[in-house]
Amino acid sequence: MKIERIDENIWIVKKEGRMRVPAIVYTDGKSIRSPELQNALQQLVNVATMPGIIKYAIAMPDIHWGYGFPIGGVAAFDAEEGVISPGGVGFDINCGVRLLVSNLKYEDVEDRLDELANAIFETVPVGVGSRSRKFSIDELKKVCRDGAAWAVEKGYGEEEDLRYIEDGGKLKDADPSSVSHKAYERGSDEIGTLGGGNHFIEIQRVESVYDREVAERLGIHENAITVMIHTGSRGFGHQIATDYISIMRNELRQHNSDLPDKQLINAPFKHPIGQDYFHAMCCAANYAFANRQMITHLLRKAFTKVFGGSVHLKVLYDVAHNVAKLETHELDGTRKRVVVHRKGATRAFGPGNSALPAEYKDIGQPVLIPGDMGTASYLLLGTKRAEKDTFGTTAHGAGRRLGRRQAKRELSLVKVMDELKRKKIIVRSASRGTLLEEAPEAYKDVDEIVWIVDKTGISRKIARMVPIAVIKG
DNA sequence: ATGTGC
């Protein structure tokens with residue numbers, strides 16, 4: 001494959017073979033040649049062959065190998081002529097991040113972090129297979145339709161929280177009738193649970209601020225305490241992805257007969273099966289928004305238990321990084337309806353975008369990029385440049401350096417824990433294996449990822465937060 | 001990511 005440099009940190013794979021559009025990669029000169037990247041790049045090229053793809057297939061600097069589509073990938077398909085693909089969204093539909101800002105400073109919490117971590121660990125169900133309470137299928141259908149608003153109505157959090165969620169925490173194209181009974185069964189007792197793997201709750205200290213004026217407006221200043229939630233739609237979204245991959249495989253044989261990779265299975269967006277998947281995917285996205293909303297409420301309870309009634313956790317923003325959205329983008333001077341697949345990629349709309357709440361309209365959309373549990377996470381803002389060049393998208397995280405199995409094989413739990421202890425990071429986890437899989441050594445450097453998205457202008461850095469207590473699945 | 005496998 002021929003790769004050419006078109007900017008210091010932007011590369012193009014020119015159209016060749018069955019590619020309908022070129023592929024664009026945002027990364028540095030060292031990473032573009034790394035052997036680990038090559039499989040993911042081939043996946044990106046495969047995506048560029050799919051029907052109705054617009055402009056180019058795009059990879060963010062945190063690109064790595066995934067199911068069919070690479071993680072850290074963006075692909076927009078024509079809403080009339082194009083397709084929708086479960087592999088372009090990922091199994092954890094609306095996996096995403098929420099950032100809460102507290103009115104506490106580091107000095108207020110540093111001596112009570114053990115107590116706080118224990119309170120959270122006792123209040124929020126964590127780990128693979130974790131359960132909350134059982135909800136009926138009728139209730140889950142309301143979750144599908146109303147997303148985070150369902151949770152607020154049930155008493156989990158405040159009406160105001162909804163203003164600061166992507167699309168208000170409610171995707172309007174959700175249709176509960178497109179979701180299988182099996183998905184409802186799996187989802188019935190998992191709303192309000194964290195899950196496992198890379199999902200976490202993190203207490204953070206704001207370590208650096210890059211734009212003081214904007215940060216101030218967002219209630220962010222050095223040494224402020226923030227809380228980050230990273231979770232998704234649990235078994236519910238996973239089952240919906242599984243169901244529709246199987247439906248598309250069985251019922252759209254002809255359409256999918258000539259794929260470069262079977263995992264790119266898809267349906268024409270206009271086809272009833274494509275529409276059903278889209279409507280079900282929106283249900284899972286709403287389930288995930290409700291999940292993060294419920295966890296926010298549980299976190300407020302845990303904080304109040306430790307610090308009393310004067311503590312306040314405000315939702316700064318909540319954004320998805322595994323989702324397909326029907327959006328309007330300007331292409332060659334005309335506005336076009338496209339289905340933007342963001343898989344391990346974060347929406348990053350710029351100032352003036354009508355999707356933003358009034359309070360953020362002049363600064364742009366808050367973007368949340370979590371790193372590994374020993375390094376840092378970032379608050380950034382979306383840009384006009386992103387809207388123009390990447391369908392309003394930026395990176396989503398550090399990206400794995402070691403596979404899960406490799407991490408467990410090569411890393412030592414004692415060393416990982418000692419290193420976290422040395423950095424004064426408190427960790428509570430439901431599983432020892434998870435700690436190895438999620439060790440800082442298993443991830444790429446989030447600082448480098450963020451440096452690239454900031455340098456290329458597809459988002460801009462506002463603050464860097466460091467972990468002080470981590471609750472993992 | 002996942003009731004961590006077909």
Side-chain angles (χ1 to χ4, degrees), chain A residues 40 43 62-73 85-98 125-135 140 179-201 229-246 249-250 262-263 280-281 283-285 287-289 291-292 295 319-324 341-346 370 372-373 396-400 402-409 429-439 442-443 471-473:
Chain A
Q43 289 192 313
D62 49 341
I63 182 180
H64 55 283
W65 189 89
Y67 180 89
F69 290 57
I71 296 158
S85 173
V89 172
F91 279 84
D92 189 6
I93 296 165
N94 190 5
C95 188
V97 187
R98 177 179 291 209
V126 305
V128 174
S130 50
R131 311 260 159 105
S132 55
R133 46 161 283 207
K134 187 124 182 147
F135 291 96
L140 287 170
V179 174
S180 71
H181 183 76
K182 196 171 178 185
Y184 283 123
E185 281 199 326
R186 280 184 71 177
S188 65
D189 53 2
E190 291 186 338
I191 327 179
T193 68
L194 188 68
N198 63 6
H199 291 166
F200 65 75
I201 292 165
I229 304 164
H230 180 209
T231 185
S233 52
R234 311 283 284 103
F236 186 68
H238 193 279
Q239 189 59 46
I240 287 170
T242 306
D243 288 341
Y244 279 94
I245 287 169
S246 156
R249 188 187 294 132
N250 295 334
K262 292 225 182 318
Q263 295 183 344
M281 187 217 64
C283 290
Y287 182 105
F289 284 133
N291 190 26
R292 294 195 285 273
I295 291 174
V319 66
H321 55 226
N322 273 7
V323 79
H341 293 59
R342 297 190 180 92
K343 181 189 193 179
T346 313
D372 65 76
M373 62 165 129
H396 90 303
R400 294 199 75 89
L402 305 178
R404 294 185 177 281
R405 250 194 294 154
Q406 198 186 0
K408 277 203 253 200
R409 198 169 53 229
S429 176
S431 142
R432 299 153 79 85
T434 301
L435 287 173
L436 281 178
E437 291 177 2
E438 295 300 311
Y443 282 89
I471 288 86
K472 295 282 305 178

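Order of the sequence lines sets the chain letters (A, B, ...), proteins ahead of strands, with each chain counted from 1.
Judged purely by distance below 3.5 Å, without hydrogens or angles, the side chains of A/Lys134 and A/Ser188 pair a donor atom with an acceptor atom. No side-chain donor-acceptor contact under 3.5 Å links A/Tyr184 and A/Gln239.
Taking atom CZ of residue A/Arg234 and atom C1' of nucleotide B/dT2, one finds them 8 Å apart after rounding to whole Å.
Ion pairing of A/Arg405 with A/Glu437 is absent here, as no side-chain N (NZ or NE/NH1/NH2) approaches a carboxylate O to less than 4.0 Å. A salt bridge does not link A/Glu190 with A/Arg131: none of the charged nitrogens is closer than 4.0 Å to a carboxylate oxygen.
Summarising the geometry of A/Asp243 relative to A/Ala183, their closest heavy-atom pair is OD2-CB, 4.4 Å, with the distance given to 0.1 Å.
Backbone-only engagement by A/Gly196 is indicated by non-hydrogen atom pairs under 4.0 Å involving sugar-phosphate atoms exclusively. As judged by a 4.0 angstrom heavy-atom cut-off over every strand, A/Lys182 is placed among the base-contacting residues. Residue A/Gly232 is out of contact with every strand shown, counting any heavy-atom pair closer than 4.0 Å.
Aromatic rings of A/His321 and A/His230 (six-membered ring for Trp) have centroids within the 6.0 Å cut-off, being under it.
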Identify all pairs in which a protein N or O lies below 3.5 Å from an N or O of nucleotides 4-6 of chain B, and state each distance.
none

